[in-house]
Protein chains: 2
Amino acid sequence: MNNTINLAVLGLGTVGTGVLNLIKDNVNELARRSGHQLVITHAGTRRHRHDIDPSINQTADLMSIAEAKDVDIVIEVIGGTDIAYEVITHAIRHKKHVVTANKALLAKHGNEIFRLAEEHGVQVRYEAAVAGGIPIIKIVREALAANKIDWLTGIINGTGNFIMTEMQQKNRKFDEVLVEAQALGYAEADPTFDVEGIDAAHKLSLLASIAFGIPVQFDKVYCEGITKIGLQDVIYAKELGYTIKHLGFAIRRDHGIELRVHPTLIPSQALLANVNGVKNAVMIDAHPLGQSLYYGDGAGAGATASAVMADVMDLIYVINAATPSDVPHLAFIPEELSDIGILPADEMTSGYYLRLTVKDEVGVLADTTRILSDNGINIDAILQRDAHKSGLVPVIILTLPVLEKQMNAAIRQIEALGAVVEPVVRIRLESLE
Amino acid sequence: MNNTINLAVLGLGTVGTGVLNLIKDNVNELARRSGHQLVITHAGTRRHRHDIDPSINQTADLMSIAEAKDVDIVIEVIGGTDIAYEVITHAIRHKKHVVTANKALLAKHGNEIFRLAEEHGVQVRYEAAVAGGIPIIKIVREALAANKIDWLTGIINGTGNFIMTEMQQKNRKFDEVLVEAQALGYAEADPTFDVEGIDAAHKLSLLASIAFGIPVQFDKVYCEGITKIGLQDVIYAKELGYTIKHLGFAIRRDHGIELRVHPTLIPSQALLANVNGVKNAVMIDAHPLGQSLYYGDGAGAGATASAVMADVMDLIYVINAATPSDVPHLAFIPEELSDIGILPADEMTSGYYLRLTVKDEVGVLADTTRILSDNGINIDAILQRDAHKSGLVPVIILTLPVLEKQMNAAIRQIEALGAVVEPVVRIRLESLE
């Protein structure tokens with residue numbers, strides 16, 4: 001137990017404190033596994049903390065830490081895309097390995113940051129950036145490295161999943177659950193990143209890159225949040241044997257890749273449909289492995305610290321090798337990244353849940369099914385409910401997979417029918433097979 | 001794409017053929033990820049195969065392959081513990097890295113084989129030995145390396161899970177399902193290893209070692225199979241909200257470690273209870289990560305080849321580093337392996353499902369509950385059914401966790417009651433919390 005690895009933790013918020021606690025709690029396990037003493041020598045924090053080990057050198061001057069001679073690994077858990085960008089690129093230029101939990105930063109600047117790291121012969125590790133404590137980056141980059149990944153999907157935003165679970169299990173409305181999620185600390189005061197799907201899209205862009213060997217392309221992700229999911233749709237879906245989850249999908253098609261984040265009906269008996277509360281899970285379909293699924297805590301101090309420190313443990317092997325040879329940042333060697341296109345929404349394929357609100361007239365159902373058929377759309381199920389007091393009738397239609405542009409055309413024609421009095425509600429549907 | 005990695009595959013059965021197919025199917029992905037061409041130069045097989053690439057050097061002389069100068073990595077997929085032992089140790093002595101899927105061999109000779117590998121500066125990788133295509137070895141050795149693992153449990157034998165699933169979902173009897181499993185190729189002609197829990201115990205001994213940092217101790221695993229599970233117990237369990245699964249448990253207690261493989265009642269809504277058919281899954285409770293679960297195919301050519309080749313992909317980094325520095329074989333550095341004891345069955349703690357067959361007499365339930373109480377055992381639920389035509393009544397009792405020796409004492413007393421006419425049936429119960 002001779003060698004010491006010196007760590008700098010930039011940011012002492014929830015995650016940074018979680019990292020400190022992990023090292024304190026598991027000091028023996030870390031040493032027994034790695035054969036090294038892990039020591040935090042520096043902490044970057046705006047406010048001096050009196051409750052942490054006084055031997056840790058605290059400073060607000062992050063740049064000075066990022067270039068400190070005695071630091072082996074810089075852990076960035078500040079968040080945000082401005083200071084974090086400056087400090088990470090500064091650390092890389094000073095030949096420090098970096099561990100970060102920052103999905104927003106990597107979704108935006110990942111390609112550039114990884115290239116810079118390769119130029120300087122260091123590694124930027126980011127296990128904590130996707131699905132929290134679930135080691136999904138390692139799984140896709142290393143454990144599934146011999147597979148051709150066909151598609152993956154996942155619940156990769158805990159806040160959104162908490163809200164959908166409460167709506168599903170307790171028939172509660174979105175607005176009401178959101179307020180509770182904020183009170184519980186699951187959702188931010190400004191919940192936009194979570195409920196509009198932006199956080200999930202950040203993570204999906206990273207997962208897709210390492211699954212398919214393409215650059216990180218956050219700006220190409222089709223992104224739809226959960227703010228418009230009505231309780232009635234959750235209930236109708238349940239009656240039909242489906243659960244609505246907010247999922248990210250990365251799918252390899254012959255002519256390009258689909259990247260999309262949106263509410264989705266999935267069969268209620270699917271394992272993913274039973275991933276509840278703030279939990280995350282990712283399912284992967286690969287050749288020749290087949291389907292596999294990975295489940296755990298997607299956020300929180302402990303889960304995030306677990307992922308951050310797994311990266312640190314890996315980097316010890318990199319540091320100790322005379323010629324470090326490690327997994328490429330984006331899983332594929334840089335010169336082999338593919339420029340295969342990300343498909344526009346029009347060219348994506350999925351099944352659909354449609355809810356029509358119609359006047360109770362003879363013939364409207366026949367007209368609707370004819371329009372769908374004319375557009376090459378196959379119906380899987382129809383659910384017609386009794387008329388409301390208003391005389392209006394909800395009609396639910398589930399379709400088999402169809403190109404989105406065909407569905408757009410069909411919906412325009414359906415909405416033009418005189419008996420259809422409201423815009424058609426549509427939610428994507430996936431069988432996960 | 002200059003460097004070539006030469007592989008030797010020993011054994012061209014299901015798994016060996018799966019490895020050949022994987023390399024053929026995914027040649028581009030493998031090269032794009034690793035930056036190397038993976039080439040099979042030698043295959044060890046008793047019968048010459050005319051349907052494979054003629055450039056592969058086929059021979060029945062396994063030892064000659066294990067020492068061949070141009071081989072970088074030896075892949076052992078022969079199975080069994082005799083020839084496999086000879087050829088693996090021979091390869092190690094010739095400084096070859098080894099990848100094996102052989103859980104029986106490692107459960108029996110792992111400690112010795114890993115020590116030999118360390119002496120010769122090579123790696124023995126064994127991802128495919130546990131839970132097939134689920135990358136559970138990598139997850140426990142690397143992804144959870146910063147955690148203190150408290151316990152893990154899993155469905156780690158697909159044959160057993162197929163049988164339990166059929167009994168549970170279709171109310172079929174053990175013997176009948178076993179015959180079908182054999183016809184489907186899920187179970188061997190001699191199904192002992194699967195249905196008596198031995199295969200699961202092999203795997204559990206490896207998992208426990210890398211979870212807790214202890215030597216591989218297969219001979220200390222308490223092992224109970226599924227051959228004695230009656231359909232009636234499956235049905236009663238279901239009525240009480242439980243599913244019976246054949247699980248392996250490795251649990252860290254204050255005074256030692258529990259290693260046990262046995263049928264177990266678990267809550268029907270638990271994710272593990274919904275892992276059906278030949279699928280495998282492992283759940284881990286760790287600090288600070290919390291609970292996580294890993295699910296996928298536990299056997300079959302594709303899943304096993306996926307795991308074997310993940311090990312090969314990792315070894316490329318080891319081979320390329322001038323000073324290879326890699327994860328210890330048993331996750332913890334050898335001098336830090338702990339000699340903490342494995343607890344005898346008497347000292348293990350779990351809840352219980354008890355089924356008594358009693359004469360329909362007043363007082364027997366009162367006597368039974370008194371005996372349990374006198375032995376410090378708390379009752380969680382009681383289910384009493386109508387008398388059979390015989391006049392005998394089944395009584396089901398679920399208990400909270402209790403030391404096994406207390407339960408043994410209680411059952412001896414219960415069986416001494418005059419109204420209790422058959423031996424008490426007992427199955428362990430775990431809440432998984």
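Being a predicted model, the structure only gives us computed values, none of them experimental. Letters A, B, ... mirror the listed sequences (proteins, then strands); counts begin at 1.
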Colleague: Could you tell me which non-hydrogen atom of B/Ala321 sits nearest to which non-hydrogen atom of A/Ala321, and how far apart they are?
Modeller: CB-CB, 3.8 Å
Colleague: B/Ser306 and A/Leu289: which non-hydrogen atoms are nearest, and at how many Å?
Modeller: OG-CB, 3.8 Å
Colleague: Which region of A/Ser338, side chain (C-beta onward) or backbone (N, CA, C, O), has a non-hydrogen atom less than 4.5 Å from a non-hydrogen atom of chain B, or is it both or neither?
Modeller: both
Colleague: Look at A/Asn320, A/Leu38, A/Asn147 and state which one has the largest set of heavy-atom pairs under 4.5 Å with chain B.
Modeller: A/Asn147
Colleague: Select all residues of residues 291-298 of chain A having any heavy atom within less than 4.5 Å of some heavy atom of chain B, and report them by number, or 'none'.
Modeller: A/Gln291, A/Ser292, A/Leu293, A/Tyr294, A/Tyr295, A/Gly296, A/Asp297
Colleague: Report which part of B/Ile210 has an atom under 4.5 Å of a heavy atom belonging to chain A: side chain, backbone, both, or neither.
Modeller: backbone
Colleague: Where is the tightest heavy-atom contact between A/Ala145 and B/Leu30, given as atom of each residue plus distance?
Modeller: O-CD2, 4.1 Å
Colleague: Where on B/Val327 is there a heavy atom nearer than 4.5 Å to chain A: the side chain, the backbone, both, or neither?
Modeller: both
Colleague: Name the region of A/Pro328, side chain, backbone, both or neither, that has any atom closer than 4.5 Å to a heavy atom of chain B.
Modeller: both
Colleague: Just so I understand: if I count every heavy-atom pair under 4.5 Å between each of A/Gln269, A/Met309, A/Met313, A/Glu29 and chain B, which residue has the most?
Modeller: A/Glu29
Colleague: Would you mind checking which part of A/Ile23 comes under 4.5 Å of any heavy atom in chain B, side chain (CB onward), backbone (N, CA, C, O), both or neither?
Modeller: neither
Colleague: NZ of A/Lys148: more than 12 outside heavy atoms within 6.0 angstrom?
Modeller: no
Colleague: So which of B/Ala146, B/Pro324, B/Ala331 has the biggest tally of heavy-atom pairs under 4.5 Å with chain A?
Modeller: B/Ala146
Colleague: Between A/Ala322 and B/Thr323, which heavy-atom pair has the shortest distance, and what is it?
Modeller: CB-OG1, 2.9 Å
Colleague: Rounded to the nearest 0.5 Å, what's the gap from CG on A/Leu271 to CG on B/Leu272? Could you check?
Modeller: 10.0 Å
Colleague: Where does B/Asn26 contact chain A at under 4.5 Å (heavy atoms): side chain, backbone, both or neither?
Modeller: side chain
Colleague: Please rank A/Ala301, A/Gly18, A/Ala310, A/Ala307 by heavy-atom pairs under 4.5 Å with chain B and give me the top one.
Modeller: A/Ala310
Colleague: Which residue out of A/Asn21, A/Ile319, A/Asp311, A/Asp326 racks up the most heavy-atom pairs below 4.5 Å with chain B?
Modeller: A/Asp326
Colleague: Does B/Glu336 offer a backbone N or O that forms a donor-acceptor pair with the side chain of A/Arg32 under 3.5 Å?
Modeller: yes
Colleague: Rounded to the nearest 0.5 Å, what separates atom CG in A/Leu144 from atom CZ in B/Arg33?
Modeller: 7.5 Å
Colleague: By a 4.5 Å heavy-atom criterion (distance strictly below it), what part of A/Asn274 contacts chain B: side chain, backbone, both, or neither?
Modeller: both
Colleague: What are the residues of residues 133-142 of chain A, in order of number, with any heavy atom under 4.5 angstrom from a heavy atom of chain B?
Modeller: A/Gly133, A/Pro135, A/Lys138, A/Ile139, A/Val140, A/Arg141, A/Glu142
Colleague: Going by the side-chain hydrogen bond (donor to acceptor under 3.5 Å, both in side chains) test, which pairs reach into residues 127-136 of chain B, not counting sequence neighbours?
Modeller: none
Colleague: Which atom pair, heavy atoms only, marks the closest approach of A/Ile333 to B/Ala31?
Modeller: CD1-O, 4.3 Å
Colleague: Taking side chain as everything from C-beta outward and backbone as N, CA, C, O, which of these in B/Asp25 sits under 4.5 Å from a heavy atom of chain A? Side chain, backbone, both or neither.
Modeller: side chain
Colleague: Counting only non-hydrogen atoms closer than 4.5 Å, can you tell me which residues of residues 275-287 of chain A sit against chain B?
Modeller: A/Lys279, A/His287
Colleague: So which residue, A/Ala305, A/Gly300, A/Pro288, ends up with the most heavy-atom pairs under 4.5 Å with chain B?
Modeller: A/Pro288
